[in-house]
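A short write-up of the structure that comes next.
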Amino acid sequence: MQQVIKILDLSIHIDKLNYFFSREKDISLSNSANYTYELISSIDKYNINLPIKTINLDDALLLLNKQGTLDLDYISNFIKIIRYFKYLLSLKLENPIKKWVDKIIIPDEILNIENAYNDKYEIREDYNDELLSVSIDIDNLKTQVYNMLNNIISKASKSDYLVDNSIHFRKNQDCLLVRSGYSHYIKANIIDRSKNGFLYIVPTEIKDIRLKLDSLYTNKDLILLKLSREFSSVFYRHILFLKYINKSFDFFDSMIARVHFAKSSNLSFLLANKDNDEIIIKDFHHPAITNSKAINVQMSKNILIITGVNAGGKTVLLKSILAIALMSKFLIPMRIDGYNSKIRNFKNITAIISDMQNINAGISTFASRMLQISKTFNQEDSLIGIDECELGTDSEEASCLFKAIFDGLNDKKHTIIITTHHKKLASLMVKEENCQLLAAIYDEKNERPTYNFHSGVVGKSFAFETAKRYNIPELIVKKAKKIYGESGESLNNLIEKTSTLEQYLIEKKEKINKEHQEIAQIKKEIKQLKEKTNKEYNAKRNNLINTYEETITSLKKTAKTPIKKIHQEINKSHKKVQNLANKNEKKNIEVNIGDIVKYKGIVAEVIGVNKKYISIESENMKMKVFLNEIESSRLNKNRKTKVSIKIEKPNFTSLELDLHGQRVEEALLNTEKFISSAILNKLQKVSIVHGFGSGKLAFAIRDYLEINFPSLTLSYGAKQRGGNGVTVVEL
């Protein structure tokens with residue numbers, strides 16, 4: 001892991017994150033990335049303080065397992081953790097972080113020990129009577145020493161030998177700093193010397209007090225040792241809790257550190273997801289580059305080949321993609337548009353970038369790369385980055401070898417990113433369906449790389465231009481171009497054009513397949529719409545029948561009219577219900593050519609019969625309707641029946657129907673009303689404006705008209721009148 005971090009130039013960025021940790025730890029996550037990301041997102045809503053610095057307590061827990069006695073430093077660090085969780089429990093948090101924090105239940109015995117400590121994480125002197133008594137005695141003697149030293153300093157007759165008027169603390173003793181010759185004025189013992197040759201002395205008159213202090217300090221240490229044994233005994237009884245809270249503290253520490261690091265530098269989180277089938281990078285800035293240019297790239301294939309100009313950003317792009325994969329895997333904040341970016345959670349990340357040759361082991365540059373690549377064949381779900389894969393061997397052989405290697409790695413479902421100047425390798429790989437090309441762009445006018453990338457083409461290396469830019473003499477560059485010759489340049493251009501054409505054809509094929517899928521989806525939606533409409537119609541019909549029957553039942557109970565009259569009305573109602581229920585029943589409808597039928601209030605003659613629909617004619621108006629839409633039938637044409645038809649013509653104010661902004665269901669209903677009104681008003685031609693959009697609405701309108709009004713003639717509008725966004729209907 002550390003090697004990959006170093007290769008990807010992330011060491012300084014990771015060190016900045018480590019600064020926010022309470023105690024040293026690696027960047028790995030102790031829980032799943034998804035769960036950790038959920039908690040981090042919850043923590044980010046609050047201004048939660050960082051915990052104070054603590055030490056690693058693994059050794060302390062091992063000592064407790066053996067029922068050993070912890071020293072006061074270990075105990076105080078446990079107290080720091082206990083107090084931090086008490087602080088978290090006091091906050092008004094919301095789920096999911098509240099649910100996680102609420103799992104911490106601190107035993108009362110542990111809380112009693114926590115109460116024994118002051119704000120400096122030292123045992124309070126008033127916690128124990130013996131400790132309090134010894135502490136008071138020590139303070140009194142220290143006051144005596146302080147007063148005696150001040151008295152010596154204040155005596156003007158002895159001021160000549162004093163370096164300053166301060167009381168110093170040296171080797172755990174209060175003392176004075178004096179010049180040589182002090183013994184003429186005061187009796188004292190020398191305890192140390194300064195760099196300037198001055199002497200630190202302790203006057204003999206406070207020697208006895210010093211001895212008493214030493215004795216008191218010894219007693220105090222014995223009392224503290226006794227307390228540490230008591231506390232260790234309590235800790236041993238709750239060792240499972242201490243192990244749990246120690247592990248929980250590390251987990252929370254890793255999360256809160258990431259949140260504070262992100263806020264301090266305005267960074268974002270990107271969660272890697274194993275279900276992502278492509279890599280989308282939006283506005284990423286590599287942390288090792290100052291004033292870097294934003295990187296934007298979309299990788300939809302398993303293999304990405306980056307070609308193009310030298311020093312044009314190919315290696316930076318390669319490192320950036322691998323760095324994003326690593327940082328998103330371990331939820332390390334970065335400068336990126338995390339909302340619009342996505343990447344898969346790779347099991348392994350392999351960076352074959354630096355020169356790993358080993359002189360002692362006899363391994364060359366090429367051999368070391370082969371050794372690294374060979375290890376990836378034993379891995380699963382890896383993101384593999386190889387920089388300048390042609391490095392260290394013959395270019396012709398390398399092209400064929402790497403083509404075979406990439407095929408093998410692709411079979412194992414690895415994702416591969418390479419940079420290369422091998423145009424032959426690029427031309428071999430472009431034919432593969434799972435390969436994507438990306439070329440670093442060179443500004444030939446200004447003779448500078450742009451650090452932008454163009455998809456789908458093989459880029460030139462611009463080796464001569466780069467050499468010139470980096471101060472190789474122009475005479476040398478011209479000679480190189482002459483040696484290279486026109487044939488080499490022609491081959492380069494041919495390879496680039498061929499690769500571009502192949503990529504264009506691949507993209508064209510993908511676009512056509514996508515359009516076919518969209519058309520199939522539109523047909524599916526229209527079918528679902530028809531089924532939904534029929535279902536809603538039947539539901540409304542059944543609802544009316546039920547309402548009618550409930551009304552009749554209610555009338556039976558409450559009516560005061562004679563019972564005979566009620567029965568007469570009920571019989572009439574039953575007949576109406578029976579007629580209503582028989583509507584749209586396909587099984588009971590038998591229609592033959594020549595029959596008179598009723599359709600939406602219009603009486604018409606049947607002139608054609610099919611399985612699903614029939615053709616009818618009324619007043620020289622022909623139409624095709626579904627069989628289940630017939631209201632009544634079997635009225636024989638030859639039967640002398642007097643038929644009276646009364647149709648009210650609607651007010652028709654426009655020859656054009658505008659459907660912009662309407663949903664398909666609403667548009668079809670308005671279209672039916674519009675066409676019916678146009679027919680009744682005996683119009684010759686009308687227009688339906690549906691616009692272009694996705695084509696879904698236009699397709700639905702034309703399909704509906706062809707099925708329900710087969711006699712109509714449909715065409716698109718003239719170019720100046722809307723073109724394909726308008727359907728012209730000839731009645």
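Note that the numbering runs from 1 along the sequence shown for the chain.
Between Ile324 atom CD1 and Ile332 atom CD1 the span is 12.5 Å, to the nearest 0.5 Å. A distance of 11.5 Å separates CD1 in Ile386 from CD1 in Ile306, rounded to the nearest 0.5 Å. Atom CE of Met255 is separated from atom CD1 of Ile48 by 9.0 Å, given to the nearest 0.5 angstrom. Summarising the geometry, atom CG belonging to Leu326 is positioned 12.0 Å from atom CZ belonging to Phe346; distances are rounded to the nearest 0.5 Å. Interatomic distance, Ile688 CD1 to Leu714 CG, rounded to the nearest 0.5 Å: 8.0 Å. Lys92 NZ to Tyr46 OH: the interatomic distance, rounded to the nearest 0.5 Å, is 11.5 Å.
Between Ile104 and Leu88, every side-chain heavy-atom pair lies at or beyond the 4.5 Å cut-off. Annotation: side chain of Ile701 is in contact with side chain of Leu668 (closest heavy-atom distance under 4.5 Å). The side-chain heavy atoms of Leu89 and Asp102, taken from C-beta on, include a pair separated by under 4.5 Å. Taking the side chain as every heavy atom from C-beta outward, Pro287 and Ile12 never approach each other to under 4.5 Å. In this structure, the side chains of Leu91 and Val101 stay at 4.5 Å or more apart for every pair of heavy atoms. You'll find the side chain of Asn246 reaches within 4.5 Å of the side chain of Asp58, heavy atoms only. Tyr244 has its side chain within reach of Ser248: a pair of non-hydrogen atoms, C-beta onward, lies under 4.5 Å apart. Using a 4.5 Å heavy-atom threshold, the side chains of Ile417 and Met299 count as touching.
Taking all atoms of both residues into account, the shortest heavy-atom contact from Leu50 to Tyr84 is C-CE1, 3.9 Å. Considering all non-hydrogen atoms of both residues, Ala257 and Phe21 come closest at CB-CD2, 3.3 Å. The two atoms that bring Ile353 and Gly385 nearest to each other are CG1-O, 4.5 Å, heavy atoms only. Of all non-hydrogen atoms in Ser11 and Ile5, the two that sit nearest each other are N-CG2, 3.7 Å. The minimum heavy-atom distance between Lys329 and Ile349, with the atom names listed, is CD-CD1, 4.4 Å. The two residues Ala323 and Leu10 have their closest heavy-atom pair at CB-CD1, 3.9 Å.
Within the 3.5 Å criterion, the main-chain N or O of Ile40 finds no donor-acceptor partner in the side chain of Asp44. Here the side chain of Thr376 pairs a donor or acceptor atom with the backbone of Ile373 at under 3.5 angstrom. No donor-acceptor pair closer than 3.5 Å links the side chain of His13 to the backbone N or O of His286. In this structure, the side chain of Ser265 does not engage the main chain of Ala262 through any donor-acceptor pair within 3.5 Å.
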field: Pair Phe252-Leu39, side chain to side chain contact (heavy atoms under 4.5 Å, CB included): steps then yes or no
entry: CA-CA 9 Å; Phe252 192 87; Leu39 292 181; over 6 Å; no

message: I'd like to know whether Lys530 forms a side chain to side chain contact (heavy atoms under 4.5 Å, CB included) with Ile707, so could you lay out the CA-CA distance, the side-chain angles of the two residues, the decisive distance to 0.1 Å, and finally the verdict.
response: CA-CA 12 Å; Lys530 289 180 180 178; Ile707 293 174; 3.2 Å; yes

field: Test side chain to side chain contact (heavy atoms under 4.5 Å, CB included) applied to Val316 and Ile295, step by step
entry: CA-CA 9 Å; Val316 171; Ile295 291 177; 4.1 Å; yes

field: Chi angles and distances behind the side chain to side chain contact (heavy atoms under 4.5 Å, CB included) call for Ser328, Met334
entry: CA-CA 9 Å; Ser328 61; Met334 63 189 101; 4.3 Å; yes

- request: Starting from the C-alpha separation in whole Å, work towards a yes-or-no answer on ring-ring contact (aromatic ring centres under 6.0 Å, His included) for Phe699 and His690.
  value: CA-CA 10 Å; Phe699 183 89; His690 42 67; over 10 Å; no

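Listed by chain and number, the residues in a salt bridge (charged side-chain N to carboxylate O under 4.0 Å, His left out) with Lys6 amount to none (sequence neighbours excluded).
A side-chain contact (heavy atoms from CB on, under 4.5 Å) with Asp703 holds for exactly one of Ile522, Ile526, Asn708; it is Ile526. Checked options Arg344, Lys413, Lys347, His414; the residue passing with Asp381 is Arg344 (criterion: side chain to side chain donor-acceptor pair (under 3.5 Å)).
There is a side-chain donor-acceptor pair under 3.5 Å between Ser292 and His285. A donor and an acceptor atom, one from each side chain of Gln517 and Gln521, are nowhere located under 3.5 Å apart. Side chain to side chain, Asp26 and Ser28 meet the donor-acceptor criterion of an N or O pair below 3.5 Å.
Dense packing is recorded around CG of Asp15, with more than 12 heavy atoms of other residues, nucleotides or ligands lying under 6.0 Å away. Around the NZ atom of Lys16, the shell of radius 6.0 Å holds no more than 12 heavy atoms that belong to other residues, nucleotides or ligands. Around the CD atom of Gln528, the shell of radius 6.0 Å holds more than 12 heavy atoms that belong to other residues, nucleotides or ligands. For Glu380, the CD atom sits in a loose shell: 12 or fewer heavy atoms of surrounding residues, nucleotides or ligands are nearer than 6.0 Å. Surrounding CD of Glu94 are at most 12 heavy atoms belonging to other residues, nucleotides or ligands under 6.0 Å away. Around the CG atom of Asn95, the shell of radius 6.0 Å holds more than 12 heavy atoms that belong to other residues, nucleotides or ligands. By the 6.0 Å contact criterion, NZ on Lys99 is open, its count of non-hydrogen atoms from other residues, nucleotides or ligands being 12 or less.
By the 30° and 60° cut-offs, the orientation of the rings of Trp100 relative to Phe85 is tilted. Classified by interplanar angle (parallel below 30°, tilted 30° to 60°, perpendicular above 60°), the ring pair Tyr37/Phe269 is perpendicular.
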Atom pairs and distances, side-chain donor-acceptor, residues 270-284, under 3.5 Å, sequence neighbours left out:
| from | atom 1 | to | atom 2 | distance (Å) |
| --- | --- | --- | --- | --- |
| Asn273 | OD1 | Asp275 | N | 2.9 |
| Asn276 | ND2 | Ile343 | O | 2.9 |
| Glu278 | OE1 | Gln298 | NE2 | 3.1 |

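Between Asp250 and Arg23 there is a salt bridge, since a side-chain N of the basic residue sits under 4.0 Å from a carboxylate O of the acidic one.
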